[in-house]
Structure formats: C-alpha cells, structure tokens
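One structure below.
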Amino acid sequence: MFWGGREGYETLLNTDMGLEQDNMARLMRMAVEYARKIGFTGDFYIEPKPKEPTKHQYDFDVSTVLGFLRKYGLDQDFKMNIEANHATLAMHTFQHELRVARINGAFGSIDANQGDLLLGWDTDQFPTNIYDTALCMYEVLKAGGFTNGGLNFDAKVRRGSMTDEDIFLAYIAGMDAFALGLKVADKLIRDGRIDEFIKNRYASFSAGIGAKIKEGSTNLEELEQYVLERGDVQEQASGKQEYLEAVINEIMFAGV
C-alpha cells in the first residue's frame with residue numbers, strides 16, 4: 001500500500017516535478033521487482049489523496065494516478081485504494097472515484113470513512129451516511145466484488161467520544177452502514193430500473209451511425225454528412241435525474 005502522504009510540492013519555484021515523479025516511479029518499480037522476486041503475487045495499491053500536507057499532491061485523484069501509472073508502465077501491478085474522505089477533498093463523490101477506478105480495471109480496495117463536507121481537511125469520521133455506502137457498494141458489486149482488497153476503517157471517533165464503548169459503537173455503526181449499503185445496492189441492481197434507463201438512454205449507439213461511432217468505423221467526414229442530411233434535430237431525451245434519485249429513495253426506504 002503506497003499512501004500519498006508527502007508526494008507533492010509547495011511551490012514550483014524550487015521543484016523539479018519531472019525528476020520527482022520519475023524517482024517516485026523508480027521506487028515503486030523497485031518495490032514491485034523485489035516483491036515479485038521473493039514470491040509476492042498480490043496487488044499493490046496506491047491511495048489517491050489531493051491535500052494534506054502539500055498544496056498540490058501528485059496522486060490527486062484516481063484519474064491523475066491512472067495517468068501516472070500508465071506513463072511509467074506500473075498499471076499492471078497497481079490498483080486503487082480509494083478513501084471516501086479523499087474523494088470529497090478532491091471535489092469528487094466517493095462513487096465517482098470508485099466508478100473511474102472500476103471502468104478502468106483499477107479498483108482494488110477501500111478506506112472506509114467519511115468527511116465533513118463543510119471542512120477542507122481529512123476528518124476521517126466513521127461512515128454513517130447510507131446514501132454514500134449504498135452507492136459505494138453499488139460500484140463494488142458492479143466490479144464483481146473485492147478480489148484481494150476489502151474495507152479498511154481508516155477512521156477515528158470524534159474528540160468528544162472518549163470512552164472504550166464509543167470505539168466499539170463507532171466500528172459497529174460503520175460496519176452496519178456498509179452492510180445496509182450493500183443490501184440497498186443489491187436491491188438497486190435487482191430492481192433494474194437504473195440499468196434499464198441507462199441502456200435506453202444510450203440505445204442510439206446500438207444501431208446505425210451510433211453503432212459505427214462505437215465501433216470506430218466512421219470518420220468526421222461521414223459524421224458531417226450525416227448531420228447535414230438530418231438538419232436541425234429538436235428532440236432530446238430527458239436525463240430524468242430527479243426520477244432516478246427518487247428510485248433510490250423508494251428502494252432504500254421501502255416499507256418505512
């Protein structure tokens with residue numbers, strides 16, 4: 001697990017960014033070579049983290065880390081360990097970071113916590129937001145579940161929670177939140193309305209010119225001619241965001 005605690009800079013005036021990233025990649029490659037030499041066959045993880053303590057960290061978010069890993073040929077050995085609180089510090093949702101990792105074959109493990117959206121630092125609170133855990137586990141199920149990774153509670157109780165009992169209750173609350181999130185995610189998938197809506201929204205890419213775009217068998221000239229022949233197209237399909245959000249509420253609170 002490579003946790004991005006110091007890999008960044010405070011000012012470019014004294015920083016050779018290229019050399020620093022080259023050296024970071026050299027270290028990671030050495031670690032992989034050594035581990036393989038002694039028989040380790042598992043995944044390596046890198047944890048995207050946008051802030052704390054440096055102003056700009058090289059492993060800002062999943063997309064940034066993917067670019068780094070691919071540049072240095074490390075993407076076959078490394079997967080993402082995604083932390084909920086780091087996602088929000090990068091101005092993303094937890095689900096967004098999981099989705100980016102999943103569709104790029106880089107999903108590995110999860111640091112299970114949550115942050116305070118009104119604060120700009122890593123508060124590492126125990127997760128209790130069921131919307132977040134449900135949409136998290138939705139991505140985990142879509143990824144086929146965990147392989148070598150899992151849920152790690154990178155979290156701590158609040159300062160006012162000072163007893164041993166508070167620690168027990170915090171871990172129980174966090175695990176219950178993810179267990180309930182898993183149940184909701186399973187219901188969302190089995191319900192099928194979200195998947196069906198997305199399938200229908202992109203149905204135009206299953207035939208005709210849309211299929212040719214998807215297959216990579218067309219070009220700009222053909223697309224220009226297609227548009228000129230059709231003229232102005234007024235009809236647009238609704239994104240139905242509010243409806244889909246209501247579907248989540250309906251499934252989450254069914255029977256309440």
Side-chain angles (χ1 to χ4, degrees), residues 1 3-4 43 45-51 59-66 78-119 121-157 169-195 197-198 241 244-254 256:
M1 174 63 224
W3 174 75
D43 293 326
Y45 297 123
I46 186 168
E47 182 172 311
K49 184 178 183 183
K51 301 175 183 177
D59 41 11
F60 184 85
D61 61 6
V62 171
S63 294
T64 305
V65 174
L66 280 170
F78 280 84
K79 296 187 182 300
M80 304 293 165
N81 183 72
I82 298 170
E83 179 177 314
N85 203 164
H86 292 175
T88 52
L89 288 176
M91 303 302 291
H92 300 310
T93 64
F94 189 20
Q95 184 187 19
H96 168 91
E97 291 289 83
L98 290 162
R99 177 72 60 90
V100 175
R102 174 170 72 82
I103 65 175
N104 283 282
F107 169 66
S109 193
I110 289 175
D111 266 19
N113 61 19
Q114 67 185 34
D116 190 321
L117 297 181
L118 301 181
L119 297 173
W121 62 83
D122 212 354
T123 57
D124 284 342
Q125 296 171 227
F126 276 91
T128 55
N129 186 312
I130 306 303
Y131 285 97
D132 285 345
T133 61
L135 294 176
C136 163
M137 298 311 291
Y138 180 85
E139 298 299 327
V140 171
L141 290 176
K142 288 286 187 176
F146 291 104
T147 52
N148 295 328
L151 293 172
N152 168 54
F153 282 112
D154 181 8
K156 51 187 176 290
V157 295
L169 293 174
Y171 275 97
I172 292 168
M175 199 66 252
D176 283 352
F178 270 92
L180 181 54
L182 177 62
K183 289 183 176 181
V184 173
D186 178 62
K187 289 180 181 178
L188 285 171
I189 293 173
R190 287 191 289 108
D191 175 83
R193 278 178 285 176
I194 292 178
D195 283 337
F197 178 83
I198 293 174
Q241 177 177 333
L244 295 171
E245 291 171 342
V247 167
I248 294 176
N249 284 344
E250 176 191 334
I251 291 172
M252 185 177 293
F253 297 105
V256 173

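Just the heavy atoms: all of them, side chains too, but no hydrogens, waters or symmetry mates, feed the values below.
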### Task
Find out whether Leu135 and Ile248 are in side-chain contact, i.e. whether some heavy atom of one side chain is under 4.5 Å from a heavy atom of the other.
yes
### Task
Please tell me if the side chains of Tyr138 and Leu98 come closer than 4.5 Å, counting only heavy atoms from C-beta onward.
no
### Message
Can you confirm whether Lys79 sits close enough to Ser109 that some side-chain heavy atom of one is under 4.5 Å from a side-chain heavy atom of the other?
### Response
no
### Task
Could you label the plane-to-plane angle of the Phe107 and Phe146 rings as parallel, tilted or perpendicular, counting under 30° as parallel and over 60° as perpendicular?
tilted
#### Entry: Donor-acceptor under 3.5 Å (Asn85 side chain, Thr123 main chain)
yes
#### Entry: Heavy-atom side-chain contact between Val157 and Gln125 under 4.5 Å
no
### Task
Would you check if there is a donor-acceptor pair between the side chains of Thr93 and Gln95 at a distance under 3.5 Å?
no
### Task
Working to the nearest 0.5 Å, report the span between CG of Asp122 and CG of Asp154.
7.0 Å
### Query
How about Lys142 and Asp195: do any of their side-chain heavy atoms sit closer than 4.5 Å?
yes
### salt bridge (charged side-chain N to carboxylate O under 4.0 Å, His left out) partners of residues 176-189, not counting sequence neighbours, each pair once
Asp186-Arg190
### Query
From Ile46 CD1 over to Met1 CE, what is the distance, rounded to the nearest 0.5 angstrom?
7.5 Å
### Query
Does any non-hydrogen side-chain atom of Phe94 lie less than 4.5 Å from one of Ile82?
yes
### Main-chain N/O of Glu97 paired to His92 side chain as donor or acceptor, under 3.5 Å
no
### Query
Are any side-chain N or O atoms of Asn113 and backbone N or O atoms of Ala155, one a donor and one an acceptor, separated by less than 3.5 Å?
no
### Task
Output, in order, the C-alpha distance, side-chain angles, deciding distance and verdict of side chain to side chain contact (heavy atoms under 4.5 Å, CB included) for Val65 and Asp61.
CA-CA 6 Å; Val65 174; Asp61 61 6; over 6 Å; no
### Query
Can you tell me how far CZ of Phe253 sits from CD1 of Ile130, rounded to the nearest 0.5 angstrom?
8.5 Å
### Task
Would you mind reporting whether Asn81 and Ile110 have side-chain heavy atoms less than 4.5 Å apart?
no
### Query
Going by an N to O cut-off under 4.0 Å, is there a salt bridge joining Asp59 and Lys49?
no
### Query
Taking only residues two or more places apart in sequence or in another chain, which ones pass side-chain hydrogen bond (donor to acceptor under 3.5 Å, both in side chains) with Asp191?
Arg193
### Message
Under a 3.5 Å threshold, yes or no: a donor from one side chain and an acceptor from the other, between Tyr45 and Asp111?
### Response
no
### Task
Say whether, by atom type as modelled, one donor and one acceptor occur between the side chain of Asn129 and the main chain of Tyr131 under 3.5 angstrom.
yes
### Query
Using the ring of each side chain (for Trp, its six-membered ring), is Tyr171 parallel, tilted or perpendicular to Phe126, with breaks at 30° and 60°?
perpendicular
### Query
Yes or no on side chain to side chain contact (heavy atoms under 4.5 Å, CB included) for Met137 and Phe178, after CA distance, side-chain angles and deciding distance?
CA-CA 8 Å; Met137 298 311 291; Phe178 270 92; 3.8 Å; yes
### Message
Donor-acceptor pair, distance only, cut-off 3.5 Å: does the side chain of Glu47 make one with the backbone of Glu83?
### Response
no
### Non-hydrogen side-chain atoms of Leu182 and Thr133 separated by less than 4.5 Å
no
### Summary
d(Met80 CE, Arg102 CZ) to nearest 0.5 Å is 15.0 Å
### Query
How many angstroms lie between SG in Cys136 and CG in Leu141, if you round to the nearest 0.5 Å?
9.5 Å
